[in-house]
Enquirer: 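Right, I'll just put the structure down here and ask away after.
The sequence lines fix the lettering, A, B, ..., with proteins before strands; numbering per chain opens at 1. Quantities reported herein were computed from a predicted structural model and do not represent experimental measurements.
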Amino acid sequence: MLQEESDLALIIAQIVQKLKGSNLYAQLERQAWASLQRPEIKLESLKEDIKEFFKISGWEKKLQNAVYSELNVFPLPSHPAAPPEHLKEPLVYMRKAQGSWEKRILKSLNSMCTELSIPLARKRPVGEQKELLNKWNEMGTDEPDLSLFRPVYAPKDFLEVLINLRNPNYENGDSHSFRTHLGLIQVPLKVKDIPELKEFFVELGLTAGQLGIDDSTQVPPELFENEHVRIGQKVLSEQDSAAAQQYIRQGSPTALRAELWALILNISSQPEDILYYEQLKTNVIQHDLLVDSLIYKDVKLTASNDDYYFVFEDYLYQVLLCFSRDTSVLGHFAYNSASPPKSYIRGKLGLEEYAVFYPPNGVIPFHGFSMYVAPLCFLYHEPSKLYQIFREMYVRFFFRLHSISSHPSGIVSLCLLFETLLQTYLPQLFYHLREIGAQPLRISFKWMVRAFSGYLATDQLLLLWDRILGYNSLEILAVLAAAVFAFRAVNLMEVTSLAAAEAVLADLSTLKVMPLLQIFLFATVT
Amino acid sequence: MSRVSVPCHVKGTVALQVGDVRTSQGRPGVLVIDVTFPSVAPFEHTSTHTPAKWVTCLRDYCLMPDPHSEEGAQEYVSLFKHQMLCDMGKVLELRLILRQPSPLWLSFTVEELQIYQQGPKDLGIWFQVSPTLPASGQYAFALQSPSMTFPKWLSHPVPCEQPAPLLEGLPDPSRVSSEVQQMWALTEMIRASHTSTRIGRFDVDGCYDLNLLSYT
């Protein structure tokens, strides 16, 4: 169809334009020039010979991986008449809700600033800079007085905002009718039902091998595990992002996980990347931000108290403080419904040439934010690589968990998907919990916002995040949340209060995620 | 051949409903929008011309895949000449018939309607249907772009019940060339826009001493 061809031409033009500014483009150009000296490159067939050279030397694969990465991350080119806001979020009322929520956060941060008389940003004196540089690798030993700081918001505040989200053009009657949703989320987003989820997650089916199930001690490794590891090694040697993404849907062997994730996220540690990270470190040394204290507080409250993650405390500071200074993160706001907070240099209020974003990366951390980084510390020990992986995970996935949007992987859709699954397939449980004032979403929301980090055992969490990468979607978080409720349904049917329900679901550290998911999706009689 | 915006006048939406709109309980599920073209020459009676009649040029074009959910609710849509069922050569008036079967929405319409013409005789029509309260489920269009020579009246179209995918006939060479032109124009547009190079600095001349955060 001609329309599809013109759409394809547009996508190609957009990707070409994006890659033209990248490091890969410069490298390809250099390689092409250098290849002219090779004997197999002939002038008559220059183009084909260079293309052949790229294929053999692996550069074509790198280009393929870069294109695949762009296709995965960036939305398709929008309609020419659509304004940029439409790409961030097509529904007007959601944009408005996100705008009001952001305003609340900014007001809260401003009032913290004025109450504590601490500036948003401050240039460190030279002595302090030297001191910080010296203890860069052990910032955890620092015990600053953080008692006056409070997190800007916690997931439960955000949940209240989502509960009150309404489409003004929707029949939001007060009386319960077929129109009102029985759960907390009242916006009619399209979510998948189990048949659609079965199709989407077909590789998790009962007939396919899974790491997390078929690698347990009772199962002989010849049946699945050995072959799966062998295929994984082959995928890594081919350095093919798309193949890696397909492969990891059945789980990643522990030994190969770090490399596989880097391949899927198209992260390769070039000298430029290490230099970039060092530059960010210099920015941290030079300027002290109010946001830094929020990060300190968050790490101390969450990761440091966690049995699995407290050892990584220093790494977390090294990643999160640099993350706040990274202006390249601003690029993701093109497809994020959120917008970076703006400020002006003191004394130049209103003058556009003195307008800046605060923090430099536009992301204000909330309570639990550091838990997005903590699990990655098990995989990566080199700070700049750890940093790159986290940044890519954030701009691909995690940002959707704390901004209001209609995207199928956005937190609103995940909440609605969870509630719909529970209501449809466990109606008695849903009804019972609702009757006792324990709306299920109130319990599962915190799991989904943190992508289950800090709630599951680490090996299980990594198996879950394997699937997030493999399917390029966060919907599995909602399915797992519903599966957990299904698993503990018998106990939950006996509780009589929200507190008791919370107690039943307080400890998820013994759960095995893959069997739960498989049973819920493929083995539950409906 | 660039596209030229055709001035059009969009009349107000008319709900098709049995009974009095004010007193009846239900909301209308069908809306009609008439679009006239002020630049079209006035109607001339000539005995040699066939009387003008309404012709369906687009049948059951689905805008929202699921009428009860938000998917596609505020999308921008383009419709092209090659999707039309009949010849778009001589058009006087356009009528959009919108259908929204779901009772969940308070209102539905299309907004920011724009019609374009490519070339003097060619009819590459672009309808830009833009963010609105959830748009309708099906369209039955009748109408085409204004004619330069013979205006014709078009008869009433018959709205169809079954949503059917549009089937395409073989494209003719002049249509193909106009589409290729369109494609080329779009890609050139993208390429011409400058890449925003990020320098990586977040401060202004080394200074990052800030006031409070601003919000409007």
Enquirer: What part of A:Lys123 is in contact with chain B, defined as an atom under 4.5 angstrom from a non-hydrogen atom: side chain, backbone, both or neither?
Expert: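 The side chain, not the backbone.
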Enquirer: Going by ring pair (Phe, Tyr, Trp, His ring centres under 6.0 Å), name the residues that satisfy it together with A:His407, two or more places apart in sequence or in a different chain.
Expert: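 Applying ring pair (Phe, Tyr, Trp, His ring centres under 6.0 Å) to A:His407 gives none.
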Enquirer: Has A:Glu419 got a side-chain atom pairing as donor or acceptor with A:Ile185's backbone, closer than 3.5 angstrom?
Expert: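 Yes; judged by distance alone, with no hydrogens or angles, the pair exists.
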Enquirer: If we count only N and O atoms by modelled type, under 3.5 Å, do the side chains of A:Asn169 and B:Ser107 hold a donor and an acceptor together?
Expert: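 Per modelled atom types, A:Asn169 and B:Ser107 side chains form a pair under 3.5 Å.
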Enquirer: Can you tell which part of A:Leu289 gets under 4.5 Å to a heavy atom of chain B, answering side chain, backbone, both or neither?
Expert: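 Side chain only.
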Enquirer: So which part of B:Asp209 gets closer than 4.5 Å to some heavy atom of chain A, the side chain, the backbone, both or neither?
Expert: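 For B:Asp209, backbone and side chain are both near chain A.
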Enquirer: Is it the side chain or the backbone of A:Leu189 that comes within 4.5 Å of chain B heavy atoms, both, or neither?
Expert: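 Both backbone and side chain of A:Leu189 come within 4.5 Å of chain B.
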Enquirer: Could you look at A:Glu353 and say if it's the side chain, the backbone, both or neither that has a heavy atom under 4.5 Å from chain B?
Expert: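 Interface part for A:Glu353: backbone (N, CA, C, O).
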Enquirer: Quick one: what part of A:Pro408 sits under 4.5 Å from any heavy atom of chain B, side chain, backbone, both or neither?
Expert: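 No part of A:Pro408 comes within 4.5 Å of chain B.
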Enquirer: Mind checking what makes ring pair (Phe, Tyr, Trp, His ring centres under 6.0 Å) contact with A:Tyr358, not counting sequence neighbours?
Expert: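 Here no residue qualifies.
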Enquirer: Nearest 0.5 Å please: distance from the CD atom of A:Gln286 over to the CZ atom of A:Arg325.
Expert: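 Answer rounded to 0.5 Å: 10.0 Å.
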Enquirer: Report which part of A:Lys107 has an atom under 4.5 Å of a heavy atom belonging to chain B: side chain, backbone, both, or neither.
Expert: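 Contact with chain B: backbone and side chain both.
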Enquirer: Atom CZ of residue position A:Arg104 - does it have more than 12 heavy atoms of other residues, nucleotides or ligands inside 6.0 Å?
Expert: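 No, CZ of A:Arg104 has 12 or fewer neighbouring heavy atoms, counting only those of other groups under 6.0 Å.
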Enquirer: Which region of A:Tyr344, side chain (C-beta onward) or backbone (N, CA, C, O), has a non-hydrogen atom less than 4.5 Å from a non-hydrogen atom of chain B, or is it both or neither?
Expert: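 Both parts, backbone and side chain.
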Enquirer: Count the heavy-atom pairs under 4.5 Å between each of A:Val356, A:Asp326, A:Ile12, A:Leu91 and chain B, then report the option with the highest count.
Expert: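 Option with the top pair count is A:Leu91.
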Enquirer: More than 12 foreign heavy atoms under 6.0 Å from OH of A:Tyr335: is that the case here?
Expert: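 Counting other residues, nucleotides and ligands, OH of A:Tyr335 exceeds 12 neighbours.
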